[in-house]
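First the structure, in the form of structure tokens, and then the observations on it.
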Amino acid sequence: MKFRENWTKILIVLLFIGLLSQVTSIYLPLIAAVVLSFILNPLVGYLCRIRLWPTHLYMARGAAVLLAFCCAILLAVVIGTFVLLPFINEFDKFVINLPSLISKIQDISKIIQIHVSSVTVPENLSNMVEQIVSSAAAYSIDLTKRIINAVFSFATRIIELIVVPVLTYYFLKDWQVLKESFVANFAIENREKARRIIDELAAVVSGYIRGQFLVSITIGFTVFCGMYLLGVEYPLVLGLLATLTETIPIIGPIIGAAPAILLAYLGSPSLALKVLIFFIVVHQIENHVIVPNIMGHTIDLHPTTIIISLLIGGQMFGIVGMILAVPVAALLKVLIRHLWDQ
């Protein structure tokens, strides 16, 4: 009987996984709602702890969630006015000038190839260097364009995003109710352990999302300021690119720095050197000051595990898979630690 019950549970889990694989369209609004919930949750918690004068009662959680939504909308309007509109103008200019930029990159590649061919090296090595230079130059610009186009594609999926505020509201308002409803499916003797696992999973995701959000915004703003002061073209585009690639651990900062250095090199080699030094300094500060103070030890994963997770996520789901790979690996680590024996 016990054996039959276990196989029945395994079959139900497999059917559930199969169902999830067929409804991929729900992932975008669901993930967006979860991310917003964890970002806004500290503000909601703070509002719930404020006493209302003159009654000295506390604000209801539903009202606190609505007030947090108002604050988020106000912030979005400010960002849209002072950041998004200038960014769209700059990005339009970037797209218009993209053919000439690619042409300049090809010219630089030819010059480098001429210098390489003038040096006495084995033919195979010379061909390999030429191919690497050409591929790296073209890939940097193409990657910049694809990532930013992905952002605009995300923003245009309005129909799917309509449900995000509704999901976010209920996640913030009824998190404890949802958790207890899920825990009620377990046997009584296992419910306390289920609560501990869920709370630990939530703490890992919450710390990672809020920490990564703050780190990405900080680095993106720093890169924008640095590129603007150094006189590199398209500082807003490069700042947004740095913000997005910062969500990919280890290799993300390298991906974000490459287009900036390349664009600077189109101006002058000395400017490219300044930009390179700027990124080295920024990421040293990031690794030794910003990340330890903001992220702490939220994701307790060895760098080898992170790299393998990034490779798997990138192979399966592309850029989105690389962004989600590390938090998913951290969640799996928590589940395996608690459930392996069972």
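Keep in mind that this is a model prediction, so the values were computed, not measured. Numbering of residues begins at 1 and proceeds along the displayed sequence.
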Show every donor-acceptor pair shorter than 3.5 Å between a side-chain atom in residues 58-77 and any protein atom, with sequence neighbours excluded, or say none if there are none.
from, atom 1, to, atom 2, distance (Å)
Tyr58, OH, Arg51, NH2, 3.0
Arg61, NE, Leu172, O, 2.6
Arg61, NH2, Asn41, OD1, 3.0
Arg61, NH2, Leu172, O, 3.1

Below 4.5 Å, heavy atoms only, C-beta onward: do Lys333 and Thr305 meet side chain to side chain? no
Check the pair Leu241 / Tyr234 against side-chain contact (heavy atoms from CB on, under 4.5 Å), numbers first and verdict last. CA-CA 11 Å; Leu241 182 65; Tyr234 316 113; over 6 Å; no
Full working for side-chain contact (heavy atoms from CB on, under 4.5 Å) between Lys179 and Asp199: CA-CA 9 Å; Lys179 183 178 75 172; Asp199 288 339; 2.9 Å; yes
Nearest 0.5 angstrom please: Asn190 CG to Asn185 CG, how far? 12.5 Å
Group every Ile, Leu, Val, Met, Phe, Trp and Tyr by side-chain heavy-atom contacts under 4.5 Å, then state whether Ile255 and Leu324 land in the same group. yes
Exercise: identify the closest heavy-atom pair between Ser216 and Thr247: OG-CG2, 3.7 Å
Does one hydrophobic cluster hold both Tyr170 and Ile39, with members joined at side-chain heavy-atom distances below 4.5 Å? no
Any non-hydrogen side-chain atom of Ile277 less than 4.5 Å from a side-chain atom of Ile280? no
Quick one: does Leu271's side chain get under 4.5 Å of Ser268's, heavy atoms only? yes
Correct closest heavy-atom pair for Ser37 and Phe171 would be OG-CB, 3.3 Å
Within the 4.5 Å heavy-atom criterion, are Leu331 and Pro327 side-chain neighbours or not? no
Looking at CZ of Phe186 and CZ of Arg195, how far apart are the two atoms once the value is rounded to the nearest 0.5 Å? 11.0 Å
Linked, directly or transitively: Val177 and Val34 (ILVMFWY side chains, under 4.5 Å): no
Return yes when atom CD of Gln315 has more than 12 non-hydrogen atoms of other residues, nucleotides or ligands closer than 6.0 Å, and no otherwise. no
Side-chain contact test, heavy atoms from C-beta onward, threshold under 4.5 Å: evaluate it for Leu178 versus Phe182 and give yes or no. no
Under a single-linkage definition using a 4.5 Å side-chain heavy-atom cutoff for Ile, Leu, Val, Met, Phe, Trp and Tyr, are Trp175 and Val164 assigned to the same hydrophobic cluster? no
Between Ile254 and Ile261, is there a shared hydrophobic cluster once you connect ILVMFWY residues whose side-chain heavy atoms come closer than 4.5 Å? no
Nearest non-hydrogen partners of Ala330 and Val204, listed with the distance: CB-CG1, 3.8 Å
Do Glu90 and Pro86 make a side-chain contact, defined as non-hydrogen atoms from C-beta onward lying under 4.5 Å apart? no
Please tabulate, for side-chain N and O atoms in residues 218-233, each donor-acceptor pair with protein atoms closer than 3.5 Å (sequence neighbours left out).
from, atom 1, to, atom 2, distance (Å)
Thr218, OG1, Leu214, O, 2.7
Thr222, OG1, Thr218, O, 2.7

On a heavy-atom basis, the closest approach of Ala260 and Phe279 is CB-CE1, 3.5 Å
Looking only at heavy atoms, the pair that brings Val183 and Ala194 closest together is CG2-CB, 4.4 Å
One should read off an interatomic distance between Leu36 CG and Phe213 CZ, to the nearest 0.5 angstrom, of 9.0 Å
Is any side-chain heavy atom of Val275 less than 4.5 Å from a side-chain heavy atom of Leu263? no
Considering only heavy atoms from C-beta outward, does the side chain of Val205 approach that of Leu201 to under 4.5 Å? no
Approximate separation, where rounding is to 0.5 Å, of Arg196 CZ and Ile198 CD1: 11.5 Å
Minimum heavy-atom distance Arg210-Pro42, with the two atoms named: CD-CG, 3.3 Å
